[in-house]
Every structure is written in structure tokens, then in C-alpha cells.
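Because the structure is predicted, anything quoted here is derived from the model rather than measured. For ligands, and for the atoms within them, numbers begin at 1 and follow the listed sequence.
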Amino acid sequence: MNTHETALVSGKITALNGTREQTLSSPLTGQADRKTRHGDDADVDAAVKSARAAFDSWSQTDADTRRKVIEALAAKIEERADDLAAAIHAEVGTPEKISKAVQAGLPVHVLRGFATDLDAALAPETIAHSTVSYRPIGVVAAITPWNYPLHQAMAKIGAALAAGCTMVVKPSELTPRTNALMMEILAETTPAGTVNVVPGDAITGAALVDHPGVDAVSFTGSVGGGRAVAQAAAKTLKPCFLELGGKSAGIMLDDADPEVALKVMVNGGLLNSGQTCTALTRILVPHAMVDDAAAQVGALADKMTSRLGPVISKDQYDRVQGFITRAEKDDSVTLIAGGAGHPEGQEQGYFVRPTVFVSKDANAEIVQGEVFGPVLVVMGYGDDDEAVALANGTDYGLAAAVWGNDAARVDAITARLRAGQIDVNGAPFNPRAPFGGFNQSGSGREMGLHGIREFQRPVSIQKKG
Ligand code: NAD
């Protein structure tokens with residue numbers, strides 16, 4: 001069995017000092033297939049020192065130098081797309097085609113977005129007699145999750161490099177094969193010390209957040225993880241940017257085409273087996289359309305059964321099954337499609353039946369909780385006000401969607417939604433537009449100019465005469 005036991009420090013792939021080990025199973029078969037080691041305090045310390053040593057020179061580089069590095073990184077990811085897609089398919093379970101297009105493909109667009117926005121991000125501003133210059137925030141700790149492992153890392157690495165920061169990345173412990181490829185690519189394309197990687201778990205991540213040589217923390221993951229990181233960062237008053245979970249809603253208005261709207265929402269909601277932070281997992285339709293819409297969503301979900309990958313791990317499978325079985329027992333909730341257990345013929349691995357519920361209760365657990373699995377809920381609303389209240393009615397606020405033909409009505413609804421990403425009539429994701437949430441979906445903004453700004457501090461310079 002392969003053991004992943006390396007870090008990237010000072011431009012070199014080195015053996016981890018840490019000896020704590022974890023055995024991982026393939027989501028596709030459930031069989032143990034690789035081991036990973038977790039970085040310890042010494043690994044974290046070496047990586048932070050490397051980032052600090054590289055900061056003085058990297059922070060002084062010009063836009064062209066940074067752009068060339070970011071473009072080289074994007075090109076190398078493009079070149080290695082097949083290997084990356086295969087690793088993510090094997091580790092996360094994302095079906096091969098989607099792994100290539102989204103898991104390996106999206107980071108390339110995100111990085112090229114940073115290259116495009118670099119000049120704007122570095123341009124000084126004039127405010128009366130002051131020149132405001134945007135300076136790198138310093139050495140960044142970047143902690144990322146497993147669901148889109150390469151994309152989440154590149155969203156931070158590209159932005160931090162563009163800002164002139166150096167960093168230590170602590171990727172998810174559940175994707176060591178992807179992490180190993182990523183380290184190879186970073187070693188080939190980025191100047192030594194600018195991007196260091198210490199694979200490990202929450203303990204490794206916590207050591208990184210606590211390290212006095214880290215100036216800012218950028219975290220993507222669960223609400224629980226985000227809370228722990230924010231509390232730890234508060235001890236040293238490090239700025240801490242959080243990208244957390246979601247329970248996003250799509251509002252279908254009575255004049256929308258249900259066939260198109262429901263299909264797009266189901267496809268998006270089930271993408272990566274629902275392990276997408278922006279998944280539109282709550283489908284809101286006018287009361288009169290609930291029965292028809294639920295039947296359509298159920299039929300679409302059934303059809304997806306053989307096309308979905310598994311969820312990532314036994315823990316995740318058990319967590320998702322817990323949500324489904326509790327919802328099946330909830331009197332205010334009706335099961336429309338799927339349900340507990342494995343899909344027929346997919347008893348191996350962590351495959352989950354795409355599951356659809358209708359809920360009459362806006363406070364039901366299945367309506368409020370982030371399942372992070374292929375589980376959708378359809379709910380009815382009376383008027384536009386109620387649709388907005390339901391859409392905004394969770395602890396989260398990451399994404400939302402509106403479907404309708406009256407542009408003024410759609411705009412009026414959109415203006416009241418408390419979500420960082422709002423798609424109208426199925427508009428595609430924009431890898432240069434700011435990405436982030438309200439409420440417990442977190443405080444950060446990633447991608448494009450806004451993503452670079454996260455890693456900058458404005459410095460005001462006043463000159464006389
Ligand atoms: P997680 O919180 O368990 O872990 C995320 C990362 O943080 C991992 O690298 C983990 O090792 C590390 N970590 C966990 N606890 C830590 C601690 N106390 N100190 C330092 N590091 C710690 O999340 P996950 O299960 O990997 O990812 C799934 C979650 O991520 C979901 O809730 C999903 O919605 C969210 N997510 C959000 C976004 C976004 O951009 N808003 C994107 C993708 C995923």
C-alpha cells in the first residue's frame with residue numbers, strides 16, 4: 001500500500017518529520033488503498049520559515065514576474081490534467097469526465113483569472129494627497145477541504161501569489177495522491193519558498209494557525225472547522241478569512257420553464273454527489289406546483305443514480321445516511337425518490353441513492369442542515385416575499401438562484417437574497433467574480449480581483465510638496 005509522506009518546503013519535495021499515520025479507503029470500493037502521514041510541529045515550523053525567507057524578495061516582484069508564475073502553474077495543471085483527474089476520481093470519487101472538466105479544469109480558469117486581474121490589483125489609488133498602495137498581507141496559512149481539492153488550493157495559491165504573499169498550504173488529509181501531484185507541479189512552477197505544502201490533518205492545521213510566523217489565515221471547510229480556526233487565530237489576532245458551508249436555495253417563479261429550471265438545479269445540486277458547497281439543495285416552487293415539481297425532481301434524481309460517484313468516505317456515507325434516515329422518520333417530510341442505503345448494484349464503496357424529499361416545515365433538519373451528499377428538498381411558497389424569506393431562512397448564505405421571465409421581478413428578488421453568489425436563469429459560474437458567503441457561510445471572498453484583495457492591505461502614503 002502506498003504511503004504518502006512528503007511535504008514541499010523551500011522548493012523541494014522532502015520527507016515529513018511527522019509520524020502520525022492514517023489509512024484511507026477508496027470511495028469507489030470501500031477497500032483500504034493508501035496511507036498518509038500528517039505533518040507535525042517541526043514540519044510546520046520548517047515550512048513557515050521557508051515562506052518567511054521567501055517573502056522579502058517575492059513581495060517586491062512586479063506584476064509581470066507574478067503573472068508568469070501563475071500562468072506557468074495554470075499551464076502545468078493543464079498539461080497534467082489527466083493525472084490530476086484520475087487521482088481526484090480515485091480519492092474523491094468524482095466521475096472521470098467531471099473530474100477532468102471540473103476538478104482539473106476549473107483551477108486553470110481560476111488561475112488565469114488571477115493573471116488577468118493582477119494589474120488592477122496592484123494599481124495604486126490616489127485619494128486627495130495620498131497614494132494608496134496595495135501591499136501583500138504577509139505569510140499566509142491556506143487550509144483547504146477535500147471536495148474540490150485542487151480548485152480550493154489554487155483559489156488561495158493563485159490569489160496569494162498575485163498579491164505578493166508567500167504561504168504554507170495545509171491541504172485535506174483525505175486527498176494525499178492529489179496533494180502529491182500538486183506538490184510536484186508547484187515545485188516545477190513556483191519560486192522556492194513561495195508556496196510550501198505540509199500535508200496533515202486538523203492537528204497539523206491547528207499548529208499552522210498558531211505559528212507566530214503566519215500573518216493571516218485563509219480557511220475553506222466546515223462551520224465547525226472554521227469556528228475552531230477563528231478562535232485559534234483570535235489568540236494572536238491574525239486576520240482570518242473563512243469560506244464555509246451552505247444550504248443554498250433555488251427559487252423557481254411561476255413564469256419559469258420548470259423543465260429547464262428543475263433540470264439545471266438537480267444537475268447542480270447532485271454535482272460531485274452533492275459535495276459542493278454552493279449546491280442548490282433547496283428547490284423552492286409555488287405551492288400549486290409542488291406536487292408536479294417534486295415528481296419531476298424525483299424522476300431526474302432517479303435517472304442520475306448510475307451516473308453519480310460515491311461520497312468520499314465511510315464517515316461521510318454514515319453522516320449522509322443519518323440525515324436521510326432521520327428525515328424519513330420526520331412527519332413533516334415526505335420521501336419522493338431514493339432513500340437510505342446503497343443504490344442497487346452499487347453495494348461496494350460509498351455510493352448513496354440520490355434522494356429527494358418534500359418538506360412542509362422550514363425548520364426540519366433536512367431543510368436546515370448541510371448534508372453534503374446527494375439529497376435535495378423541494379418546498380412550496382405562497383408569494384415572492386415568502387420565497388425570499390425561505391431562501392434566506394438558514395444559518396448559511398453562500399449561493400442562491402432565481403428562475404423567472406420578468407426581469408424586474410427577478411431583480412427585486414435577487415436584491416433581497418442574502419447570498420454571495422446568485423445565478424439567474426441558470427447562468428454559469430464566473431471564475432473571476434467574487435465568491436463567498438453571508439452568515440455562517442463565512443466572511444471571505446475568493447476569485448479574481450476580490451480574491452487577490454483578500455491577501456492585500458492598503459497602505460496610505462502622504463507626500464508633501
Ligand atoms: P473540514 O472543516 O473538516 O476540514 C477542512 C480543512 O481544515 C481540512 O484541511 C482539515 O484538515 C482542516 N481542519 C479541520 N479542523 C481544523 C482545525 N481545528 N484547525 C486547523 N485546520 C483544521 O471540512 P471538510 O470536511 O474537509 O470540507 C467540507 C466542508 O467544506 C463543507 O462544510 C463544505 O460546505 C465546505 N466548503 C466550503 C467552500 C466554500 O468556498 N465556502 C468550498 C468547499 C467546501
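- Within a 6.0 Å sphere centred on CG of Asp40, heavy atoms belonging to other residues, nucleotides or ligands number more than 12.
- Below 30°, between 30° and 60°, or above 60°: for Tyr317 and Tyr350 the angle between ring planes is between 30° and 60°, a tilted geometry.
- Taking atom 2 (O) of ligand 1 as the reference point, the nearest protein heavy-atom neighbour is Ser222 OG, 2.5 Å.
- Closest heavy-atom approach to atom 35 (C) of ligand 1 within the set Gly245, Ala141, Gly221: this belongs to Gly221.
- Residue Ala228 has at least one heavy-atom neighbour below 4.0 Å for each of these atoms of ligand 1: 18 (N).
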Notebook entry, point to check: side chain to side chain donor-acceptor pair (under 3.5 Å) between Ser99 and Thr94: does it pass, once the steps are laid out?
Noted result: CA-CA 6 Å; Ser99 195; Thr94 313; 5.0 Å; no
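- Protein heavy atom in closest approach to atom 6 (C) of ligand 1: Thr144 O, 3.5 Å.
- With hydrogens and angles left out, the side-chain atoms of Lys76 and Thr189 include no donor and acceptor closer than 3.5 Å.
- When heavy-atom distances to ligand 1 are checked against a 4.0 Å cut-off, Gln275 has no atom that comes that close, whether in backbone or side chain.
- By the 4.5 Å heavy-atom criterion applied to side chains, Lys247 and Asp395 are not counted as neighbours.
- Partner Asp43 forms a side-chain contact (heavy atoms from CB on, under 4.5 Å) with one of Thr204, Thr14, Asn17 and no other, that one being Asn17.
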Next item on the list: List the steps, then state whether side chain to side chain donor-acceptor pair (under 3.5 Å) holds for Ser441 with Asn439.
Entry: CA-CA 5 Å; Ser441 290; Asn439 307 328; over 6 Å; no
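- Residues Glu173 and Trp146 have side chains not in contact (no heavy-atom distance under 4.5 Å, counting atoms from C-beta outward).
- Within the listing of ligand 1, atoms 6 (C), 7 (O), 9 (O), 12 (C), 20 (C), 21 (N) sit less than 4.0 angstrom from a heavy atom of Ile143.
- Looking at Leu398 against ligand 1, only its side chain comes within 4.0 Å, counting heavy atoms.
- Counting protein heavy atoms only, atom 14 (C) of ligand 1 is closest to Ala202 CB, 3.7 Å.
- With ligand atoms numbered from 1 in the order given, ligand 1 contributes 43 (C), 44 (C) to contacts under 4.0 Å with heavy atoms of Asn147.
- The shortest N or O to N or O distance between Thr220 and ligand 1 is not under 3.5 Å.
- Remark: distances from the non-hydrogen atoms of Phe219 to ligand 1 include one below 4.0 Å.
- Using a 4.5 Å cut-off on side-chain heavy atoms (C-beta onward), Glu243 and Phe219 make no contact.
- When heavy-atom distances to ligand 1 are checked against a 4.0 Å cut-off, Glu370 comes that close only through its side chain, counted from C-beta outward.
- Scanning all protein heavy atoms for the shortest distance to atom 42 (C) of ligand 1 gives Cys277 SG, 2.9 Å.
- Annotation: Lys170 places an N or O atom under 3.5 Å from an N or O atom of ligand 1; distance criterion only.
- Of all protein heavy atoms, the one closest to atom 28 (C) of ligand 1 is Phe372 CE2, 3.6 Å.
- Closest to atom 27 (O) of ligand 1 among all protein heavy atoms lies Pro145 CB, 3.3 Å.
- The closest side-chain donor-acceptor pair between Gln421 and Thr278, if any, does not fall under 3.5 angstrom.
- Checked by atom type, the side-chain pair Ser359/Asp361 shows no donor-acceptor distance below 3.5 Å.
- Using a 4.0 Å cut-off to heavy atoms of Ser172, the atoms of ligand 1 that qualify are 9 (O).
- The nearest protein atom to atom 21 (N) of ligand 1, hydrogens excluded, is given as Gly205 CA, 3.6 Å; this is a heavy-atom distance.
- Within a 6.0 Å sphere centred on CD of Gln22, heavy atoms belonging to other residues, nucleotides or ligands number more than 12.
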Next item on the list: Walk me through it: do Phe114 and Leu161 pass the test side-chain contact (heavy atoms from CB on, under 4.5 Å)?
Entry: CA-CA 9 Å; Phe114 293 131; Leu161 282 173; over 6 Å; no
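- Set against the non-hydrogen atoms of Val229, the atoms of ligand 1 under 4.0 Å away are 17 (C), 19 (N), 20 (C).
- Side-chain contact of Thr236 with Lys238: a donor-acceptor pair under 3.5 Å is present, judged by distance alone.
- Gly442 does not count as a contact of ligand 1, since none of its heavy atoms falls under 4.0 Å from the ligand.
- Look at Ala206 and you'll find a heavy atom under 4.0 Å from some atom of ligand 1.
- Annotation: atom 37 (C) of ligand 1 to nearest protein heavy atom, Leu244 O, 3.0 Å.
- Taking every non-hydrogen atom of Gln152 and a distance limit under 4.0 Å, the qualifying atoms of ligand 1 come out as 42 (C), 43 (C).
- Distance remark: protein heavy atom present below 4.0 angstrom from atom 25 (O) of ligand 1.
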